[in-house]
Amino acid sequence: MAVGREDVEILKPRIDKREYRRIVLRNSLQVLLISDLDTDKCAASMNVGVGSFVTLTASKALPIFLVLLIFFIQHMLFYASEKYPLEDSYSKYITEHGGSTNAFTASEMTNYYFDVNTDCFEEALDRFAQFFIKPLMSADATMREIKAVDSDEDDWIYPVIKGYSSIVSSGPVEGLWCHGNWDTLDVRPKEKGVDTRQELLKFYEDKYSANLMHLVVYSKESLDKIQCLVEDKFQEIRNSDRSCFQFPGQPCTSEHLQILVKAVPIKQGHKLRIVWPITPSILHYKEGPCRYLGHLIGHEGEGSLFYVLKKLGWATGLSAGEGEWTSEFSFFNVVIDLTDAGQDHMQDIVGLLFKYIQLLQQSGVCKWIFDELSAVCETGFHYQDKISPIDYVVNISSNMQIYPPKDWLVGSLLPSDFNPAIIQKIVNELSPENVRIFWESEKFEGLTDKVEPWYGTAYSIEKVSSSTIQAWMSSAPNENLHLPAPNVFIPKDLSIKNAQEEVKFPVLLRKSSYSKLWYKPDTVFSTPKAYVKIDFNCPHAGNSPETEVLADLFARLLLDYLNEYAYYAQVAGLLYGISHTDSGFEVTLVGYNHKLRILLETIIDKIVKFEVKPDRFSVIKEMVIKDYQNFKFQQPYQQAMYYCSLILKDQTRSWVERLDVLLHLNVEDLTKFAPMMLSQAFLECYIAGNIEREEAKSMVQHVEYVFFKGPNPICRPLFPSQFLTNRVVKLERGMNYCYSKEGLNPSDENSALVHYIQVHQDDFILNVKLQLFALVAKQPAFHQLRSVEQLGYITVLMQRNDSGICGVQFIIQSTVKGPAHIDSRVEAFLKMFGSKLYEMTNDEFKSNVKALIDMKLEKHKNLREESRFYWREITDGTLKFDRREAEVAALKKLTQQELIEFFNENVKVGATRKKTLSVRVHGNQHLAEYHSQKSEAVQPNTIQIDDIFSFRRSQPLYGSFRGGIGHVKL
């Protein structure tokens, strides 16, 4: 029995048709039940009120490995439970039934979550509940997980925040961001006579109490049925009646304030982080003080701090708002990405920031700005896109720990109470006396005197008095800083337009020698939003490394020019983007449809009147150079995936070529290139959502008129021979291809393998065979290669689709073994897996087929998700808008014998039709293997790729599905 069901009215969006109910079980577990009759997936999230901050008071007294237990426990609960002792059976069950599962640890919480197909939710929920009732955490599994975590080497996070935590914060936070390794979780504990597993069990028993947990369960059943299910599964969780952890007081004493920390980052670039400890805004979430101040200090319109810094050529990005917080303390952060020139003007930049804060002091708190922000937030909440159940339950369970039940769905999204005094209080806290400045630049190399102990970051600290900052303010440029103007992009018309007909798939509404228009009215989501995509297919944009880089600079400069105007649209919920593509550039708009056309026409006008501003060209060029230079700091597995794409995709060019070209480009080059690129184009358009047919036609006709037909046309249509195609290398059957490379970062210990098996060109029957193999093999591959053999923390089996060319790939990153050894273990797994396919019972086969069918029949959650699905069909040229229905039909006819034959012909080791490409990136631990391979004899049926471009030129290509306008009928 539940202790109680409280009929609290939970505030929900106006368009939300789901039902909600709060209950409290007899063990004091608080639960929110969600019934969604339309859902294709069920989901659950358990939020445990124990996070990384629980260790803050303990870390001085306890060794660092105990601090790491909170992260390590998160891994261990997935292994097995007393009720389900078979290792990894939980993850296997979830994966085989169309679901996914994960967990994360934050400052004051640890969150576990999953989703799964609707017909197997009850058993999945039961398996999930055992995490919190009786997990096993065996000694053997504990040791293997320590080894697996060790191979991660913290490389997921160190390039971004290396050393930041223990420099940024006061004393008792050492190891706050560590996930642990062999040294911290095994070697050091043994030296001190401590058993890691016993400490793990003790920590779990002490901290994991039902009264500190909040559960969200999302199902398509009625609320009464969900309640019975939850009471049955979760009431056995032990309630130790633990108190919520508190960390009273501010973590920063006077010695941690008025400081300037200079640190050497891993990557190229310069960054300023200005941080103030403040009163947590969670105490005043209805008044939204940090939302108000973040909106103004982070604004990018004319007169804003960023506008001024950008005009001076000192910054390329700025964000402002509340950072890490608890109910006891919080930090307000302003983060500024600096140019090289900005690096030389740090004092002026900090001075300008404090001048803007001074402006806020003098202007007082403006009611019209608060009301405008409140209106934007209210519209955003009530017309929010539906998201996947798994993301939804995580958001809500996290909120449940923080907010009263009526605000569980909305959290702090709706600032509604105008209280100038509370906002002014936070403004007053953003003072020179309260500030901490963190300045990161590679220019500090060799100029620092301290080393952060866990990540080895070089840094130094100096004091900065308030009088010094006052002097910086006085000497800063006298720029016209002012508050933003009223936002003209806030939508007033939120009415839903009636689609004239039920259109299930996109239709080709209009076709000319200049453009194609695909149209899909919203007949599903009933939101006042639209999605517009225009792909400018320009043959002069991608025929050399120079033109490719120039097209990229063109797209980035366009965004740069639009920013101060279009930023208002972004604030109002109308997002836009301009990005470089292989064949030119594309414009995307998504959001409220009311003012969308105004923004589109402004963007088109900017394109037509494009001119190169020398000062902005220099800034953007510098930014792109750093992007290319930072490529070498990418994860080894990302490098391997990049090389794989470079080998397979025709007409792609390396970042090395692009960087070499970029270094020599100047303003005149882009000035000449832009009109040439725009002199010939074909426009592929997709318009969907709350827009009527004639309105969609009118938009495209306007764009055509401006470019091709107006008084000053700048563009001509393409000749048939100029339509660009997507071509992919066709590997030879029965051959193994291998490309080996040293990792680009000499200090990175990780190596990586991408083992790719190319199978076929888009075909419904072959597609479903490949997809079913990937579904059935995914969890066994993870279990064998990651859990049992501990080859690498990152171990993934996934499908790959290059412009309609389908295959499957293993991605593994490791410090433990070199890529060649890992490659051999992938092949060993495939040999072993073949027998598992033969041993699969008919019921198991049918269950897997049903799981895949359920995944395919899952409805799109929102307009953006639907539009991306159809746009992929358009850009690939496949145009199979009914793909999911057709593949379901093919799946229903598929037999187990056909799956086995598919495996034997295309995937099995030694199969005569099999086409394999292994891309191996060697970290510094495995360079000997890399060098020794060069002298080894090449195995039979193996081709060693030495030069990617020579190889690509020598290979046949698949035909392209893209080919112009002739083959599609209205």
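The shown structure was predicted, so the numbers you read here are calculated from the model rather than taken from an experiment.
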- Donor-acceptor pair, side chain of Gln629 and main chain of Gln268, under 3.5 angstrom: no
- Message: For Lys533 and Thr588: C-alpha separation, side-chain torsions, deciding distance, then whether side-chain hydrogen bond (donor to acceptor under 3.5 Å, both in side chains) applies.
- Response: CA-CA 5 Å; Lys533 181 84 82 168; Thr588 308; 2.9 Å; yes
- Message: Donor-acceptor check, side chain of His580 to backbone of Ala555, threshold 3.5 angstrom: yes or no?
- Response: no
- Query: Going by the angle between their ring planes, with limits at 30° and 60°, are Tyr285 and Tyr403 parallel, tilted or perpendicular?
  - Reply: perpendicular
- Query: Under the 3.5 angstrom rule, does the side chain of Asp337 hit a backbone N or O of Thr316 as a donor-acceptor pair?
  - Reply: no
- Item | Interatomic distance, Trp439 atom CH2 to Leu338 atom CG [nearest 0.5 angstrom] | 8.5 Å
- Decide if atom NZ of Lys443 counts as having more than 12 heavy atoms of other residues, nucleotides or ligands within a radius under 6.0 Å. yes
- Between the main-chain N or O of Val410 and the side-chain N or O of Asp407, is there a donor-acceptor pair closer than 3.5 Å? no
- Inspect the contact between Lys672 and Glu668 and indicate whether a charged nitrogen and a carboxylate oxygen are less than 4.0 angstrom apart. no
- Measure across Ile691 and Tyr519 and return the closest heavy-atom pair with its distance rounded to 0.1 Å. O-OH, 2.6 Å
- Query: Does Lys355 pair with Glu479 as a salt bridge, N-O distance under 4.0 Å?
  - Reply: no
- Counting only N and O atoms by type, is there a donor-acceptor contact under 3.5 Å from the side chain of Lys606 to the main-chain atoms of Leu558? no
- Note on the structure: Note: Gly364 and Tyr292 closest approach over all heavy atoms is O-OH, 4.3 Å
- Task: Please test Leu353 against Trp472 for side chain to side chain contact (heavy atoms under 4.5 Å, CB included), starting from the C-alpha separation and ending with a verdict.
- Result: CA-CA 10 Å; Leu353 168 59; Trp472 292 354; over 6 Å; no
- Inter-residue atom distance Asp535.CG - Ser515.OG, 0.5 Å rounding: 12.0 Å
- Ile422 side chain near Val365 side chain, heavy-atom distance below 4.5 Å: no
- Message: Taking Asp340's backbone N and O only, do any of them form a donor-acceptor pair with Glu622's side chain (distance below 3.5 Å, no angle check)?
- Response: yes
- Distance-minimising heavy-atom pair for Ile297 and Leu318: O-CD2, 3.4 Å
- Query: Hey, is the main chain of Gly313 close enough, under 3.5 Å, to the side chain of Thr339 for a donor-acceptor pair?
  - Reply: yes
- His345 and Trp314 aromatic ring geometry - parallel, tilted or perpendicular at 30°/60° bounds: parallel
- Task: Could you name each residue pair satisfying side-chain hydrogen bond (donor to acceptor under 3.5 Å, both in side chains) that touches residues 551-561, not counting sequence neighbours?
- Result: Asp552-Arg556, Arg556-Asp627, Asp560-Arg616
- Task: Would you confirm whether Asn690, through its side chain, and Ala530, through its main-chain N or O, come within 3.5 Å as a donor-acceptor pair?
- Result: no
- Candidate pair Phe554 and Phe585, rule ring-ring contact (aromatic ring centres under 6.0 Å, His included), full reasoning: CA-CA 9 Å; Phe554 171 86; Phe585 64 99; 5.2 Å; yes
- Does any non-hydrogen side-chain atom of Val700 lie less than 4.5 Å from one of Tyr514? no
- With under 30° as parallel and over 60° as perpendicular, where do the rings of Phe869 and His860 fit, or are they tilted in between? tilted
- Verify ring-ring contact (aromatic ring centres under 6.0 Å, His included) between Phe682 and Phe708, making sure each step is shown before the conclusion. CA-CA 10 Å; Phe682 182 80; Phe708 298 95; 8.7 Å; no
- Message: Test your reading of the model: is there a side-chain donor-acceptor pair from Glu429 to the backbone of Thr279, 3.5 Å cut-off?
- Response: yes
- Message: With side-chain hydrogen bond (donor to acceptor under 3.5 Å, both in side chains) as the rule and sequence neighbours excluded, what pairs involving residues 297-309 come up?
- Response: Glu300-Asn563
- In plain terms, say whether Glu695 and Arg597 are close enough for a salt bridge, that is, a side-chain N and a carboxylate O under 4.0 Å apart. no
- Item | Sidechain-backbone polar pair: Glu442 side chain, Gly269 backbone, donor-acceptor under 3.5 Å | yes
- Message: Taking the side chain as everything from C-beta on, heavy atoms only, tell me whether His284 gets closer than 4.5 Å to Asn419.
- Response: no
- Shortest non-hydrogen separation from Tyr628 to Arg658 and the atoms involved: OH-NE, 3.2 Å
Counting only pairs under 3.5 Å, give me each side-chain donor-acceptor contact of residues 371-379, with atom names and distances, residues two or more places apart or in other chains.
residue	atom	partner	partner atom	Å
Asp371	OD1	Lys367	NZ	3.4
Asp371	OD2	Lys367	NZ	2.8
Glu372	OE2	Asn487	N	2.9
Ser374	OG	Pro415	O	2.8
Glu378	OE2	Arg14	NH2	3.2
Thr379	OG1	Ala375	O	3.0

- Task: In sequence, state the C-alpha distance, the side-chain angles, and the governing distance for Phe536 and Phe707, and then conclude on ring-ring contact (aromatic ring centres under 6.0 Å, His included).
- Result: CA-CA 11 Å; Phe536 288 78; Phe707 278 92; 5.4 Å; yes
- Are more than 12 heavy atoms from other residues, nucleotides or ligands located less than 6.0 Å from atom CG of Asn434? yes
- Heavy-atom closest contact (Pro506 atom, Tyr870 atom, distance): CG-CG, 3.5 Å
- Task: Considering non-hydrogen atoms only, spot the tightest contact between Trp325 and Ser107 and give its length.
- Result: O-OG, 3.8 Å
- Query: Less than 4.0 Å between a side-chain N and a carboxylate O, is that true for Lys697 and Glu694?
  - Reply: yes
